[in-house]
Amino acid sequence: MSENQTTPVSELENHVDQQVTLTGWLYNSRAGGKVLFLVLRDGTGLCQCIVEKGKVPDETFEALKHLGQESSLAVTGQVRADQRSVGGCELAVTAAEVICPTADYPITPKAHGVDFLLKHRHLHFRSQRQWSIGRIRHTVIDAIRRFFNDNGFTLIDTPIFTTIVGEDQTSLFEVDYFGTPLHLTQTGQLYLESAAMSFGKVYCFGPTFRAEKSKTRRHLTEFWMVEPEVAFIDLPGLLELAENFVSSIVARVLKDNRTDLETLGADIAALEKIQPPFYRLTYTEAVDILTGPKANDFLAKQLQDFQNTKKELDTKIADLETQQGGQMKQWKKDKIAAELIELRSQLSEIDTKIENNPKHAQLAADFRWGKDLGGSDETIISLMHDKPVFVTHYPKQAKAFYMKTDRANEKVVENFDLLAPEGFGEIIGGSVREDDYDVLLDKINAEGLDPETYDWYLDLRRYGSVPHGGFGLGVERTVAWITAEKHIRQCIPFPRMADKVYI
RNA sequence: UCCCCGAUAGCUCAAUUGGUAGAGCGAGCGGCUGUUAACCGCUAGGUUGUAGGUUCGAGUCCUACUCGGGGAGCCA
């Protein structure tokens with residue numbers, strides 16, 4: 001069974017009316033008395049294989065008829081173009097070989113809960129949704145490398161065992177490095193700054209670790225981040241780089257993964273709008289929006305929408321419950337019961353939203369200049385826009401020590417966050433770095449950090465310091481946004497969450 | 001760490017508000033030549049998360065714990 005004797009499902013359209021052999025796994029089967037419909041999954045796509053009694057040996061027919069989901073097999077037959085089939089092609093089977101028959105595969109083609117699927121992650125990969133997300137993740141990562149490699153950036157691999165704190169001291173994973181405490185990297189940025197002084201434009205790309213005990217849909221303790229760093233750049237330059245970068249990723253996914261996006265139910269029309277320029281707001285403008293009538297009206301309208309949806313759901317549920325009491329065929333009753341389950345789960349989701357809306361309104365209204373923007377605040381801002389939004393110039397005290405103080409307004413730093421639209425929130429954080437030796441040293445001391453540890457970092461300001469800056473983009477958050485996946489744990493093969501690691 | 005919600009068959013969920021635990025899917029057997037999460041018939045499948053309490057009687061009410069989901073803080 002060498003590779004050149006088998007044909008990938010993705011290439012069947014080039015083999016119509018030819019005889020081919022497919023290898024893969026049984027995704028689904030529907031058995032008739034004298035005809036079987038086997039849906040084969042081979043990693044490149046799905047193909048419906050038709051097995052007619054009499055066209056294959058009887059024992060093959062019987063074996064295939066009782067074959068369990070996810071059995072591995074090889075099938076040979078003639079390719080036919082048929083619009084009734086998934087993918088537009090099907091296989092008229094003349095011979096088949098079962099490689100490994102399977103019984104009791106745990107993941108059925110029906111609905112499953114989140115916890116169950118995570119516990120079966122090693123098998124859940126095989127499901128359509130995870131497969132499509134995985135392919136899009138692949139494209140996103142390739143597009144990231146492509147963009148930087150094509151734009152004069154040099155890849156610099158920064159260490160995973162580190163001695164320096166880039167973000168927050170409380171969120172470090174400590175490791176015992178031959179008796180010396182080190183920690184896993186939170187960012188490659190500080191190392192990258194030294195590389196930028198050698199290569200000009202650099203980037204690093206790898207896993208990042210944050211020991212934040214966050215239990216939300218946008219947090220992982222291990223995630224992938226790409227960080228470009230550029231010498232001789234200012235804040236407007238960075239924003240331009242970031243919007244071109246993000247737009248190029250989205251464009252690549254639209255080009256390479258349209259059917260995956262369709263499978264996932266992503267909003268393709270919205271993605272097509274993702275082109276420069278993005279919206280630009282200062283932090284102060286964002287605070288004015290949050291505490292002013294605009295956010296208030298927006299949230300009030302949102303609450304009204306939620307309540308209208310709730311009313312509609314309540315009416316539908318009441319209707320179905322009344323119908324359920326009446327006389328009717330069993331299958332009709334079952335259908336109503338299934339519909340009720342779906343509607344009730346929608347209702348519970350909308351109830352949560354209705355419950356959270358006033359809390360978020362309160363948080364937004366109580367917001368005072370000086371705090372960092374909260375998750376809900378970012379969600380509100382991002383929901384109010386149909387394209388990504390840059391929020392720039394945050395208060396100095398809310399941000400990391402290395403960010404450059406704005407010389408025009410010393411209360412703020414020259415930084416930015418990029419919020420993905422329609423509620424997805426932050427996907428990029430970045431800044432111009434403080435390039436003045438004395439200002440940086442003061443910041444290090446003010447933060448209570450040990451200047452000796454940062455001696456090499458200060459050297460970069462001693463020897464030919466230049467204005468420079470960069471940003472970090474979270475891969476899983478980007479994939480979640482593009483695929484319209486609610487939770488980023490679905491956007492990494494083996495998610496590590498606070499307090500939970502399955503395999 | 002805090003707030004809200006949940007735990008019933010392998011899976012997803014019901015159980016008329018305290019009165020004999022049910023259905024679909026999945027599994028097994030049978031039927032059907034064009035199915036699309038196929039359909040139809042039959043069969044098997046349960047100490048209702050754990051421990052205690054209230055009650056003639058608890059899946060349902062109370063307390064504690066465990067596990068899970070959502071949200072806050074923090075962040076990519």
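Chain letters run A, B, ... following the sequence lines, proteins first, then strands; residues in each count from 1.
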Give the dot-bracket line for RNA chain B from 5' end to 3' end: parentheses for intra-strand Watson-Crick or G-U pairs under 3.5 Å, square brackets for crossings, | for inter-strand pairing, dots for unpaired. (((((((..((((.....[..)))).(((((.......))))).....(((((..]....))))))))))))....
Using a cut-off of 4.0 Å on non-hydrogen atoms, how would the nucleic acid contact of A:G113 be classed: base, sugar-phosphate, or nothing? sugar-phosphate
Is the shortest side-chain N to carboxylate O distance from A:E243 to A:R280 below 4.0 Å? yes
With sequence neighbours excluded, what pairs up with A:S376 under the side-chain hydrogen bond (donor to acceptor under 3.5 Å, both in side chains) test? none
With rounding to whole Å, what would you report as the distance between B:rG34 and B:rA27 at their C1' atoms? 26 Å
Centre-to-centre under 6.0 Å for A:F205 and A:F148, is that the case here? no
In whole angstrom, give the distance that lies between atom NE2 of A:H219 and atom C1' of B:rG70. 15 Å
Distance in angstrom units between A:R344 CZ and B:rA15 P, rounded: 6 Å
Only counting residues at least two apart or in another chain, list the ones meeting side-chain hydrogen bond (donor to acceptor under 3.5 Å, both in side chains) with A:R217. none
Could you state the OH-C1' distance from A:Y105 to B:rC25, rounded to the nearest angstrom? 16 Å
Inter-nucleotide P distance (B:rG45, B:rA21), Å rounded: 16 Å
Positions of residues 365-374 of chain A (non-hydrogen atom under 4.0 Å from RNA chain B), listed by number: A:D372, A:G374
Take atom CG of A:L26 and atom P of B:rU35, then tell me their distance rounded to the nearest Å. 19 Å
Less than 5.5 Å between centroids and less than 30° between ring planes, does A:F37 satisfy that with B:rG34? no
The nucleotide from B:rA72, B:rA27, B:rA76 with an atom nearest the side chain of A:D104 is B:rA27
Have a look at A:R129 and say if it touches a base, only the backbone sugar-phosphate, or nothing, with a 4.0 Å heavy-atom cut-off. nothing
Reckon A:S345 touches a base, only the sugar-phosphate, or nothing at all at heavy-atom distances under 4.0 Å? nothing
If the threshold is 4.0 Å, N to carboxylate O, is there a salt bridge linking A:K201 and A:E229? no
On a whole-Å scale, what distance lies between the P atoms belonging to B:rU1 and B:rC65? 12 Å
Could you check whether A:T216 gets within reach of a base, just the sugar-phosphate, or nothing at all, counting any heavy atom under 4.0 Å? base
Using whole Å, report how far CZ of A:F209 lies from C1' of B:rA76. 14 Å
Given the C1' atoms of B:rC2 and B:rC62, what is the spacing between them in whole Å? 24 Å
Does the side chain of A:H66 get closer than 4.0 angstrom to OP1 or OP2 of B:rG28 through an N or O atom? no
Assuming nearest nucleotide by heavy-atom distance, tell me which of A:R218 and A:R489 is located more 5' along RNA chain B. A:R489
May I ask you to say what A:Q128 touches in the nucleic acid, namely base, sugar-phosphate or nothing, with a heavy-atom cut-off under 4.0 Å? nothing
Let me spell it out: for each of A:G474 and A:T108, pick the nucleotide of RNA chain B with the closest heavy atom. Which residue's pick is nearer the 5' end? A:T108
Can you tell me, in whole Å, how much space there is between the P of B:rU66 and that of B:rG30? 50 Å
To the nearest angstrom, the CG-P distance between A:N357 and B:rC3 comes to 22 Å
For B:rA15 and B:rC61, measure between their P atoms and round to the nearest Å. 12 Å
Check the orientation of A:F209 and A:F173. Use parallel for under 30°, tilted for 30 to 60°, and perpendicular for over 60°. perpendicular
Give me the ring orientation class for A:H120 and A:H122: parallel if the planes are under 30° apart, tilted from 30 to 60°, perpendicular past 60°. parallel
Anti or syn, where syn is a glycosidic angle within 90° of 0; which label fits B:rU63? anti
Rounded off to whole Å, could you give me the CE-to-P distance for the A:M497 and B:rG71 pair? 13 Å
Measure the spacing between CD1 of A:I289 and OG1 of A:T284 and express it to the nearest 0.5 Å. 11.0 Å
N/O (side chain, A:H112) to phosphate O (OP1/OP2, B:rG10) under 4.0 Å: no
Could you give the distance separating B:rC67 and B:rC75 at their C1' atoms, to the nearest angstrom? 26 Å
Between B:rC4, B:rA72, B:rA38, which nucleotide has the shortest distance from any of its atoms to the side chain of A:E355? B:rC4
Classify the nucleic acid contact of A:I107 as base, sugar-phosphate or nothing, counting any heavy atom under 4.0 Å across all strands shown. nothing
Would you verify whether the NZ or CZ of A:K399 falls within 45 degrees of the ring axis of A:Y394 while also being under 6.0 Å from that six-membered ring's centre? yes
What nucleotide among B:rA76, B:rG34, B:rA72 has an atom nearest to a side-chain atom of A:I50? B:rG34
Under 4.0 Å between any heavy atoms, over every strand shown, what does A:K359 touch: base, sugar-phosphate, or nothing? Just pick one. nothing
Looking for any heavy atom pair under 4.0 Å, which part of the strands does A:K215 touch: base, sugar-phosphate only, or nothing? base
Would you indicate what A:A103 reaches in the nucleic acid, counting non-hydrogen atoms under 4.0 angstrom: base, sugar-phosphate, or nothing? nothing
The nucleotide from B:rU33, B:rG71, B:rA76 with an atom nearest the side chain of A:E212 is B:rA76
With respect to the side chain of A:N356, which nucleotide from B:rA76, B:rG70, B:rU33 is positioned closest? B:rG70
Think A:R30 has a side-chain N or O under 4.0 angstrom from the OP1 or OP2 of B:rA38? yes
For A:H120, report the nucleic acid contact type (base, sugar-phosphate, nothing); a contact means any heavy atom under 4.0 Å. nothing
Could you please name the option among B:rG34, B:rA76, B:rU12 that lies closest to any side-chain atom of A:E90? B:rG34
For A:L473, answer base if it contacts any base atom (sugar-phosphate contacts may also be present), sugar-phosphate if it contacts only those atoms, and nothing otherwise; contact means non-hydrogen atoms under 4.0 Å. nothing
Same-atom distance (P) from B:rC25 to B:rC42, integer angstrom: 12 Å
Please determine if A:R137 and A:E476 form a salt bridge, counting it only when a charged side-chain N lies under 4.0 Å from a carboxylate O. yes
My understanding is that only residues two or more places apart in sequence, or in another chain, count here; which of them pass salt bridge (charged side-chain N to carboxylate O under 4.0 Å, His left out) with A:K310? A:D351
So A:E52, base contact, sugar-phosphate only, or nothing? Heavy-atom distance under 4.0 Å. base
Rounded to whole angstroms, how far apart are CD on A:E62 and P on B:rG31? 9 Å
Report the residues that fulfil side-chain hydrogen bond (donor to acceptor under 3.5 Å, both in side chains) with A:R80, sequence neighbours left out, ordered by chain and then residue number. A:E90
Look at all strands and tell whether A:G32 reaches a base, only sugar-phosphate, or nothing, counting heavy atoms closer than 4.0 Å. base
Minimum-distance nucleotide to A:L363 side chain [options: B:rA38, B:rG73, B:rU12]: B:rG73
Ion pair check, A:R218 and A:E426, cut-off under 4.0 Å: no
Quick check for you: among B:rA38, B:rU33, B:rC75, whose closest atom lies nearest to any side-chain atom of A:K34? B:rU33
Identify whether the distance between the nearest side-chain nitrogen and carboxylate oxygen of A:E355 and A:K359 falls below 4.0 Å. yes
